[in-house]
Amino acid sequence: MSVSENVSAKSRQLMTELQSAGLRLADPRAGAASRRGGAGPSDHKAVTVDGVTIMVPVHTSSAWNSPFVASEPDETGASALMRGTIPIASISFPKQPRFYAMQTLDGVPYSHIATLHSADVLATTVLQTCIRYESRRKTCKFCAIGQSLAAGRTIAHKTPEQLAEVARAAVLLDGVKHMVLTTGTPPTPDRGAQVLCESAFAIRAAVDLPIQAQCEPPDDDRWFERMKASGVDTLGMHLEAVTPGVRERIMPGKASVPLARYMNAFNAAVSVFGRGQVNTYILAGLGDSAAAILDASRELIATGVYPFVVPFVPISGTPLEDHPAPSPEFMKSVLIPLGAMLREAGMRSADIKAGCAKCGACSSLSSYEE
Ligand code: SF4
């Protein structure tokens, strides 16, 4: 079930609070292995609340101080969620996917090639290296793309053949419904578009699985046509922050690509992929005001881009590990009006063919579309 379906106001409130505060686990082994490090949001565990699976921070310093505690799961996988010592809901943890037990002929575990996100999304970082990450001065301060590589939990470059093999197994064994192909930014002007095309082409030749590709705006807008022709259904180009000062402070390397280039690229991409089939991650809590996020979202929606606003999660080992996560009140001050804007524009997470804004597990935004 997607986040937007049949979620009561009480569950929506609980999901927003859990994603801000994080969760302490009485049994850290509960459910599928959590993501530590890697590109984008990390240090989460998939948790099912009221039939909806969301990603909740569990390894962050704010999670250690969270008022929410999950009891040890019983034999059915159900766990009592407590606020302090008071049980407030029953939750469960999606099980370890079956494809994690497999490996390629040359001995690479499938879980080092792609991972299960939420309950039914296969996700991979095709290139686990990034020009932005290679310099302390330029790195995006929230990002942990190099951590999982350094820890030997992934490989630097997933080949198209490896991705196709794992995608096929994840569909057959675990019923995954769509796939996210993200990438670190290589030092080439296409910004990774070429490698995303090659990956998508191989995956679509092996299995019928909707794909979202994610990269920085490439040098040439013709890459959008090429990505579509290779089997990419939706595109993510992630602003992360929307105010120039915040962009320069939080992601000094990536901020060298001006907002105006993102807006041009969004326009061109929407004309290829369609209205609502292009999305952008915006991390709330990095310094942008609610008004700035809402102004940017209004412009994005008018362009046909779904602004996927997600609470920032301070990942251990990054320069922002001690930066506070946004409060539930701040998130609601963004998500309630943003949900209304999306509703008015007729843009719905459920209509997106693939990717983060369809999955919706990293933000309770889609529950505010109702
Ligand atoms: S929203 Fe994106 S990053 Fe978050 S769990 Fe879903 S696919 Fe993964």
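Just so you know, these numbers use all the heavy atoms, side chains as well, and skip hydrogens, waters and symmetry mates. Counting from 1, the numbers follow the sequence of the chain as shown. Ligands are counted one by one from 1 in listed order, and the atoms in each one are counted from 1 as well.
- Other residues, nucleotides and ligands place more than 12 heavy atoms under 6.0 Å from the CZ atom of F266.
- Closest heavy-atom contact between A89 and L14: CB-CD2, 4.0 Å.
- Classification of R275 and D351 as a salt-bridged pair fails, no side-chain N sitting under 4.0 Å from a carboxylate O.
- Atom 6 (Fe) of ligand 1 has its nearest heavy-atom neighbour, among S349, A119, C359, A46, in C359.
- For C362, every N, O or S atom stays at 2.8 Å or more from atom 2 (Fe) of ligand 1.
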Residues 104-113, side-chain donor-acceptor partners within the protein, below 3.5 Å, at least two apart:
residue: T104; atom: OG1; partner: D106; partner atom: OD1; Å: 2.5
residue: T104; atom: OG1; partner: G107; partner atom: N; Å: 3.4
residue: T104; atom: OG1; partner: V108; partner atom: N; Å: 2.9
residue: Y110; atom: OH; partner: E165; partner atom: OE2; Å: 2.7

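- Using a 4.0 Å cut-off to heavy atoms of C356, the atoms of ligand 1 that qualify are 1 (S), 2 (Fe), 3 (S), 7 (S).
- Taking 2.8 Å as the threshold, H117 does not count as a candidate ligand of atom 6 (Fe) of ligand 1, since none of its N, O or S atoms lies below it.
- The ligand atoms of ligand 1 that sit less than 4.0 angstrom from a heavy atom of M55 are 5 (S).
- Partners of R249 under the side chain to side chain contact (heavy atoms under 4.5 Å, CB included) rule, at least two apart in sequence or in another chain, are V246.
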